[in-house]
Amino acid sequence: MPGKLPVYKARVKRDADGALKASYKKKPEGAAKTGGAAKTAKTAKEERVNPLFLWEEEPAARRAAARRTNAARLKPDDSKEKKPAKPAAKTAAKAQPKASKPEARKEPAKAAAEKKPAQKKVSPAKSVYKSEDGRAKRKTAPAGKREMDKKQETARRTGRIRPAEEAGREKQRRDRRSLRNEKKKKAMFRDRKLAVSRSPGFAVTVIALLTAAFEALGMLLAASGTPGVLDTRALTILCAIVPLGLATSVLLPRFLPVEPLLMSLTNFLCGLGVVILYTVSPERGARQAAFYAVGLVLMLIISGIVSRIRRWKGLTVLSMLLGIGALVLPLAFGEWQGGAKNWVTLPLLGSFQPSELVKLSIVLTLAYYFSAHRTVLQMMPAILFAGACLVLLMLQRDLGTALIYYLTTLVLFYAACGNVPLTVLGLGGGAGAAVMGYRMFAHVKVRVAMWRNPWSDPLDKGYQIIQALLAIGSGGLFGVGLGQGTPDMIPAYHNDFIFAVICEQMGLVFGFLTIAVYLLIIMRGVTIISRTRRSFDMLLGCGVLAMLAIQTFMIVGGVVKMIPLTGVTMPFLSYGGSSLLSCLAMMGILHGVSARVQEDLEDDVFGA
């Protein structure tokens, strides 16, 4: 419409809240010709022109005229608030006749406002919160919180929830939420405490009680073995080893870095050795009980050292020097026993076997150098040390201990680098060394011959192995009884052939249970080293387990004629201070590794 301007009629009304509302209506063309000069002031206030409809394509003059017209028409509204205040008398006079009708119209609006309070419009990305001073403030809320705000506002508008009732429900929700959080925290703390707990469990307590009952019954039978005579020494040993075993198995793990299950199994084997030896030879049994008490102290000391020391280089070098020096002693001051010169007698210490104590040095040296260096050249110090020990043992003709050293070195080498070709080559070299030892040493030929056919010389060379087999067979499944039988018919019943004595007195079933205890120790040790985070700790524990497992297999296999006799002792059971002390010291190493694993676990659970 290029020639004409549309004219709109504006009407102003009040809504329910009392606010002014304008509506626009297009006037007919005839009404637009009435002109603006004759219009009254009231008509000029009611008529409004919407500026959005004025911008048609028309000449510039018309657009300017339209702008001036609209500015003149809109001027009264813009200046309404700027007018000077009228006298109070005129205002009261004008407001007096109009008071009744607006108030009558406002009464329903006020009632509606009281029933349904006006709500501010909230954008979907914002939520309204009340600050501490009561003022409303806006802040960005999470999506879940915004949805909850929408639901709450909808419930308020519909009248389903009143403000006081809503506050009560919100308090109940907060209480339930806090209660759930407290329960979760308590359960989490309980799980963490159980995960890092060192207290003995039900199985450990049962093993400790069974061990104490067996030791008490065995020593009581030994004390009343002679009719009419009570052995007070047996009662003294009973009063010493039973509380010692219970304390170290149940109470000690709560205060010191000791693994409860390993401790209880070790106490069972040591207590079994003391009881069996005392029933056959009270003097040896009493001395074994003293070695057992000293060995427990040594085990705790080594466990504390392993769990606290972090730098091992100086201690490793010192142990290498002491180990070489200890193996040189039998060559200079040793005594020949069983075809080997491996025993030393000192004025204050008595007779002992240095090769048993050098086991600790071998394990520590191999673990340190194999963990710090991964190539063969870098491992050479440990390999050379192990080779020097093997040469000294060959000079002493202690081939059983040399075999234990050699196999332990191969196990740790494979565990450190995983080099299969070199490990197989090492096994081949060990087989060649065994063949060479068979040809060089006469007592090795005798042992192999008696292993193949002990009945070829039943009264001399094969006498011991034949008596051991007869003792195992005569015991049957459940044995002839504790302290019964003829175990003294076996010449070496107290060290190499103590397993045959156990099978004769307690039966084959108890013998298998004894082997199962060794297997449990090995399995528990494997569980401990599998949780370590340092290669040194892993190799240290692996060396101890390899040495104990190899030695146990060699002696049990030799007694039951599975392999030729090697002349080594049975760990924890055989008589001898050097053997028992070395075995308990190696268990101390394993306890120390377990303590370091426990420290890492506590750091993970509770934070460093």
Side-chain angles (χ1 to χ4, degrees), residues 200-222 237-253 258-280 285 288-300 303 478-479 482-483 498-499 501-503 505-528 544-545 548-549 551-552 555-556 569-576 579-588 590-591 594:
F202 177 74
V204 174
T205 306
V206 170
I207 293 173
L209 292 176
L210 290 177
T211 302
F214 175 79
E215 292 171 350
L217 290 176
M219 298 309 295
L220 287 175
L221 288 176
I237 295 175
L238 169 63
C239 296
I241 64 172
V242 171
L244 187 63
L246 287 175
T248 53
S249 298
V250 179
L251 300 178
L252 197 62
V258 174
E259 214 286 324
L261 183 58
L262 283 178
M263 192 71 245
S264 60
L265 295 174
T266 304
N267 284 331
F268 171 77
L269 292 176
C270 293
L272 174 63
V274 171
V275 172
I276 294 295
L277 287 172
Y278 196 89
T279 56
V280 182
Q288 187 77 354
F291 290 144
Y292 171 41
V294 176
L296 287 178
V297 176
L298 179 63
M299 181 188 68
L300 295 178
S303 174
F478 303 103
L482 189 64
I498 192 171
F499 183 71
V501 178
I502 293 174
C503 291
Q505 293 188 1
M506 308 300 294
L508 287 174
V509 174
F510 196 87
F512 283 119
L513 290 177
T514 305
I515 297 175
V517 172
Y518 283 100
L519 292 177
L520 286 176
I521 291 176
I522 302 300
M523 292 172 61
R524 184 58 181 170
V526 171
T527 303
I528 291 172
V544 169
L545 294 178
L548 289 175
Q551 184 172 344
T552 304
I555 186 59
V556 174
T569 58
M570 192 165 185
F572 308 108
L573 293 176
S574 295
Y575 171 74
S579 174
L580 185 58
L581 291 179
S582 66
C583 291
L584 289 176
M586 286 191 289
M587 292 305 296
L590 205 55
H591 285 300
S594 174

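Along the sequence shown, residues are numbered consecutively beginning with 1.
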Taking all heavy atoms of [X] and all of [Y], pick out the closest pair and write down the distance.
| X | Y | value |
| --- | --- | --- |
| Ile241 | Glu215 | O-OE1, 3.7 Å |
| Leu246 | Ala208 | CD2-O, 3.7 Å |
| Ala222 | Thr279 | CB-CG2, 4.5 Å |
| Gly245 | Tyr292 | CA-OH, 4.3 Å |

Please check if the side chain of His591 supplies one atom and the backbone of Glu259 the other of a donor-acceptor pair under 3.5 Å.
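Present.
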Where the side chain of Ser579 meets the backbone of Gly576, is there a donor-acceptor pair that is under 3.5 Å apart?
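A pair under 3.5 Å: no.
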What salt bridge (charged side-chain N to carboxylate O under 4.0 Å, His left out) pairs are there with at least one residue in residues 203-214, not counting sequence neighbours?
none
Side chain to side chain, [X] and [Y], heavy atoms closer than 4.5 Å:
| X | Y | result |
| --- | --- | --- |
| Met299 | Met586 | no |
| Leu580 | Cys270 | yes |
| Ile207 | Thr211 | yes |
| Ser574 | Ile555 | no |
| Phe478 | Leu508 | no |
| Leu252 | Leu300 | yes |
| Ile276 | Leu573 | no |
| Leu277 | Ile498 | yes |

Testing Val242, Val275, Val274 one by one against Ile237 for a side chain to side chain contact (heavy atoms under 4.5 Å, CB included), which residue passes?
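When Val242, Val275, Val274 are each tested with Ile237, the side chain to side chain contact (heavy atoms under 4.5 Å, CB included) holds only for Val274.
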Exercise: do Asn267 and Ser249 side chains pair donor with acceptor under 3.5 Å:
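Their side chains do contain a donor-acceptor pair, which is all the 3.5 Å distance test asks for.
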Check step by step if side chain to side chain contact (heavy atoms under 4.5 Å, CB included) holds for Thr266 and Leu296.
CA-CA 10 Å; Thr266 304; Leu296 287 178; 5.8 Å; no
Check the orientation of Phe510 and Phe214. Use parallel for under 30°, tilted for 30 to 60°, and perpendicular for over 60°.
parallel
Does Ile521 form a side chain to side chain contact (heavy atoms under 4.5 Å, CB included) with Met587? I'd like the steps, not just the answer.
CA-CA 10 Å; Ile521 291 176; Met587 292 305 296; 4.2 Å; yes
Who are the side chain to side chain donor-acceptor pair (under 3.5 Å) partners of Ser582, not counting sequence neighbours?
Glu356
By side chain to side chain donor-acceptor pair (under 3.5 Å), which residues pair with Thr514, not counting sequence neighbours?
none
Test side chain to side chain contact (heavy atoms under 4.5 Å, CB included) on Tyr518 and Phe572; report intermediate values, then the result.
CA-CA 10 Å; Tyr518 283 100; Phe572 308 108; 4.1 Å; yes
Are Leu590 and Leu545 close enough, and set up right, to give a side chain to side chain contact (heavy atoms under 4.5 Å, CB included), and what steps lead you there?
CA-CA 8 Å; Leu590 205 55; Leu545 294 178; 3.8 Å; yes
